[in-house]
Amino acid sequence: MKPRVRFAPSPTGALHIGGARTALFNWLFAKHHDGVFVLRIEDTDRERSTKEFEKSILEGMRWLGMDWDEGPFYQTQRMEIYKGHVKKLMEEGKAYPCTCSPEELDESRKKAMAEGRKPKYDGTCRNGVTHPDRPAVIRFKAPQDGTTKFHDICRGTISFNNAELDDLIIARSDGTPTYNFTVVIDDVTMDMTHIIRGDDHINNTPKQVMLYNALGYKLPEFAHLPMIHGSDKKKLSKRHGAASVMEYKELGYLPEGLVNYLARLGWAHGDQEIFDFSELIKIFDLDAVSNSPSIFDTEKLEWVNSQHIVKKTNAELVELTRPFFTKIDISLTDDNYAIQVMEVERERARTLKELANISTFFFNDEISIDPKAASKWLKPEQIGRLQELREAIQEDQQFSVASLSKIFNEMAERNGLKMLKIAQPVRVAMTGSTASPGIFEVLTILGKERVLKRFDAAIKGNS
RNA sequence: GCUCCCAUCGUCUAGCGGUCUAGGACAUUGCCCUCUCAAGGCAGAAACACGGGUUCGAGUCCCGUUGGGAGCGCCA
């Protein structure tokens with residue numbers, strides 16, 4: 001049987017790193033087994049769900065390249081299905097109305113905690129409501145003894161004592177169904193074969209299993225993934241810097257870079273670190289998923305991203321970095337020129353944003369020279385040599401890496417100087433900084449006209 | 001507090017009873033390359049939480065302790 005899996009985010013926030021990893025493992029699992037990946041929007045929390053968050057989640061999914069085969073389905077459009085199931089349970093005596101108020105419940109919970117007991121519903125309304133005048137929620141009549149167990153692909157059998165569980169609310173007083181109920185109904189009616197989700201759901205699973213049993217449905221396979229933590233080892237949240245997937249796009253990460261990094265959190269394939277999409281699909285499976293939580297490490301993400309930047313062609317990098325250049329008011333008008341720039345800068349940046357930022361001097365007519373660099377490398381005696389170099393370069397008909405190299409070397413030799421002493425002033429004059437690609441490459445890409453202008457600007461500005 | 005889950009270098013991980021004096025990667029240190037900075041190459045420092053078992057043999061299996069995480073909503 002072809003597996004059917006789903007990713008079921010609630011639109012109460014953007015698609016974040018943890019959600020993206022869960023989505024990715026589902027997607028990879030479906031692709032690997034030639035199964036079906038469905039997207040379901042769990043929007044029953046009307047208070048906090050918004051259309052904007054929903055849109056940004058879909059945007060994040062698309063950007064990461066995780067296409068879905070079915071959906072998106074919306075829980076708010078499936079109310080009749082849930083209501084039918086609630087009714088069925090009521091008729092079979094497996095659910096009952098409860099009129100205890102939220103305040104009363106809250107109080108008994110606090111009391112239980114204070115007394116060291118587990119906060120659970122005391123069953124006041126199990127045998128008839130106590131306040132017929134009040135609006136009622138519907139509770140599931142959970143088994144009170146015995147155990148509830150289920151099989152988890154990653155962890156084996158997990159079992160809970162039913163005495164630990166209570167009569168969960170399956171429908172609110174306004175008639176809308178709650179999470180643990182809707183997931184079960186949806187997963188069953190959508191024919192899900194595997195439920196792959198974060199392990200923060202392990203504690204919900206026995207409740208859901210009871211519902212499957214009460215409804216007479218067959219259990220799917222479960223696979224609970226370890227959490228992704230921030231550097232403080234706490235569940236990843238907004239406080240840990242950029243949490244939303246789209247923020248990583250803004251930061252200049254490649255979708256393949258993020259996906260590669262995310263795949264390696266909680267999953268490994270021997271010693272291999274770098275994977276592209278097709279490779280992941282080919283080798284990904286649940287048996288290689290680990291059980292311990294991992295910490296999100298931006299530095300490794302950056303390295304992985306740089307590995308994927310290097311895999312791109314120069315032409316692709318031009319297109320990829322264009323939006324980042326635009327943001328700093330540079331428009332790439334000459335693609336051939338930009339391609340040459342990419343060739344010399346591609347290995348020097350870890351993100352597309354950085355790639356654009358370190359390349360600005362190639363595109364701006366006016367460059368700003370770092371004062372510290374100038375005070376070290378554009379002193380009077382160095383300006384004098386710059387002048388000399390400028391004349392030699394002007395006379396150089398070839399203006400190639402080879403010819404320039406010859407000019408620089410001769411100059412160094414004549415003055416008994418190391419290449420450093422002669423290259424650095426030129427680098428500062430051309431790029432404004434002490435770090436850049438090879439100086440001869442920089443010169444030939446910039447072109448003689450621009451080079452001479454920058455010589456003049458540096459000489460004029462510092463003499 | 002209770003329940004459940006987890007436990008190899010700072011971090012991500014390999015390891016599925018003997019080949020582990022524990023391997024790789026990021027980060028880090030030194031060296032090489034070198035016109036700078038990267039990239040790259042080489043070398044180094046760095047871990048099986050602890051205690052009991054089981055076994056001829058345990059990082060690998062079992063139990064406990066400790067530590068961490070998650071859940072305990074008319075949120076999902």
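Chain letters run A, B, ... following the sequence lines, proteins first, then strands; residues in each count from 1.
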A.B. asks: What nucleotide, of B:G71, B:C5, B:C72, holds the atom closest to the side chain of A:P119?
C.D. replies: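 The closest nucleotide is B:C72.
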
A.B. asks: For B:A43 and B:C63, measure between their C1' atoms and round to the nearest Å.
C.D. replies: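 It comes out at 44 Å once rounded to the nearest Å.
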
A.B. asks: Between A:E54 and A:K51 (salt bridge meaning N to carboxylate O under 4.0 Å), is one present in this structure?
C.D. replies: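 A salt bridge is present here (some side-chain N lies under 4.0 Å from a carboxylate O).
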
A.B. asks: With both distances under 3.5 Å as the test, what is the Watson-Crick or G-U wobble partner of B:G73?
C.D. replies: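 Pairing partner: none.
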
A.B. asks: Taking the six-membered ring of A:F25 as reference, does the cationic atom of A:R21 (NZ for Lys, CZ for Arg) lie under 6.0 Å from its centre and within 45° of its axis?
C.D. replies: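 Flagged: A:R21 positioned over aromatic ring of A:F25.
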
A.B. asks: Looking at residues at least two apart in the chain, or sitting in another chain, which of them share a side-chain contact (heavy atoms from CB on, under 4.5 Å) with A:S403?
C.D. replies: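 A:D396, A:Q398, A:S400.
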
A.B. asks: Provide the closest heavy-atom pair for A:I57 versus A:G13 in the form atom of the first, atom of the second, distance.
C.D. replies: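 For A:I57 versus A:G13, the nearest heavy atoms are CD1-O, 3.6 Å.
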
A.B. asks: Taking ring pair (Phe, Tyr, Trp, His ring centres under 6.0 Å) as the test, write out the residues that go with A:F53, two or more places apart.
C.D. replies: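 With neighbours one apart ignored, the set is empty.
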
A.B. asks: When you measure from every atom of RNA chain B, which of residues 105-112 of chain A have a heavy atom less than 4.0 Å away?
C.D. replies: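 Heavy-atom cutoff 4.0 Å gives A:R109.
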
A.B. asks: What does B:G67 pair with, Watson-Crick or G-U, if both distances are under 3.5 Å?
C.D. replies: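 Its partner is B:C6 (Watson-Crick or G-U wobble, both distances under 3.5 Å).
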
A.B. asks: Less than 3.5 Å between a donor and an acceptor, one on the side chain of A:R155 and one on the base of B:C5, is that the case here?
C.D. replies: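 No pair found.
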
A.B. asks: Paired with B:U55 by Watson-Crick or G-U wobble geometry, both distances under 3.5 Å: which nucleotide is it?
C.D. replies: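 Partner of B:U55: none found under 3.5 Å.
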
A.B. asks: Could you write out each protein N or O paired with an N or O of nucleotides 38-43 of chain B at a distance under 3.5 Å?
C.D. replies:
from	atom 1	to	atom 2	distance (Å)
B:A38	O2'	A:E347	O	3.4
B:A39	O2'	A:E347	OE1	3.2

A.B. asks: Among the nucleotides B:C72, B:C35, B:C5, which one has an atom lying closest to any side-chain atom of A:I158?
C.D. replies: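 Minimum distance to the A:I158 side chain belongs to B:C5.
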
A.B. asks: From the list B:C74, B:A76, B:C35, which nucleotide is the closest neighbour of the side chain of A:T44?
C.D. replies: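 Among the listed nucleotides, the one closest to the side chain of A:T44 is B:A76.
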
A.B. asks: Can you tell me the distance, in whole Å, between the CG atom of A:D45 and the C1' atom of B:G73?
C.D. replies: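 Atom-to-atom, A:D45 to B:G73, this comes out as 11 Å.
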
A.B. asks: A:S433: what forms a side-chain contact (heavy atoms from CB on, under 4.5 Å) with it, not counting sequence neighbours?
C.D. replies: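 For A:S433, the residues satisfying side-chain contact (heavy atoms from CB on, under 4.5 Å) (neighbours in sequence not counted) are A:T431, A:A435.
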
A.B. asks: Would you mind checking if A:R6 and A:D187 are paired as a salt bridge, meaning a charged N to carboxylate O distance below 4.0 Å?
C.D. replies: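 Salt bridge between A:D187 and A:R6, a charged N being under 4.0 Å from a carboxylate O: yes.
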
A.B. asks: Under the ring pair (Phe, Tyr, Trp, His ring centres under 6.0 Å) test, which residues partner A:F325, sequence neighbours left out?
C.D. replies: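 Partners of A:F325 under the ring pair (Phe, Tyr, Trp, His ring centres under 6.0 Å) test: A:F363.
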
A.B. asks: Which of these nucleotides, B:C6, B:A76, B:U36, is closest to any side-chain atom of A:R427?
C.D. replies: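 Nearest listed nucleotide: B:U36.
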
A.B. asks: Between A:Q307 and A:R350, is any side-chain donor less than 3.5 angstrom from a side-chain acceptor?
C.D. replies: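 No donor-acceptor contact under 3.5 Å links the two side chains.
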
A.B. asks: Taking a pair as Watson-Crick or G-U wobble with both distances under 3.5 Å, which nucleotide is matched to B:C42?
C.D. replies: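 In the structure as shown, B:C42 has B:G30 as its Watson-Crick or wobble partner.
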
A.B. asks: Please list every donor-acceptor pair under 3.5 Å in which a side-chain atom of residues 149-162 of chain A meets a protein atom from a residue at least two apart or in another chain.
C.D. replies:
from	atom 1	to	atom 2	distance (Å)
A:H151	ND1	A:E221	OE1	3.2
A:D152	OD1	A:C154	N	2.8
A:D152	OD1	A:R155	N	3.0
A:D152	OD2	A:H224	N	3.1
A:D152	OD2	A:H224	ND1	2.6
A:R155	NE	A:H224	O	3.3
A:R155	NH2	A:D199	OD2	3.4
A:R155	NH2	A:H224	O	3.0
A:N162	OD1	A:T148	N	3.3
A:N162	OD1	A:T148	OG1	2.5
A:N162	ND2	A:D145	O	2.9

A.B. asks: Compute both the distance and the angle, then confirm whether A:K406 meets the cation-pi test with A:F399: under 6.0 Å from the six-membered ring centre, within 45 degrees of the axis.
C.D. replies: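 Checked: cation-pi criterion not met.
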
A.B. asks: Under the side-chain contact (heavy atoms from CB on, under 4.5 Å) rule, collect the residues that match up with A:A429, sequence neighbours excluded.
C.D. replies: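 Residues passing side-chain contact (heavy atoms from CB on, under 4.5 Å) with A:A429: A:L386, A:A458.
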
A.B. asks: Extract from the structure each pairing of a protein N or O with an N or O of nucleotides 11-16 of chain B at less than 3.5 Å, listing the distance.
C.D. replies:
from	atom 1	to	atom 2	distance (Å)
B:C12	OP1	A:I295	N	3.0
B:C12	O2'	A:R264	O	2.9
B:C12	O2	A:K300	NZ	3.4
B:U13	OP1	A:G266	N	2.4

A.B. asks: Near RNA chain B, counting only heavy atoms under 4.0 Å, which residues of residues 137-154 of chain A show up?
C.D. replies: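 Within this stretch, A:V137 sit under 4.0 Å of the strand.
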
A.B. asks: Return the set of residues passing ring pair (Phe, Tyr, Trp, His ring centres under 6.0 Å) with A:F7 (not counting sequence neighbours), or none when no residue passes.
C.D. replies: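 Scan of A:F7 (ring pair (Phe, Tyr, Trp, His ring centres under 6.0 Å), adjacent residues dropped) gives none.
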
A.B. asks: Using the test side-chain contact (heavy atoms from CB on, under 4.5 Å), find all partners of A:E256 that sit at least two apart in sequence or belong to another chain.
C.D. replies: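 Here the qualifying residues are A:L254, A:F277, A:H308, A:K312.
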
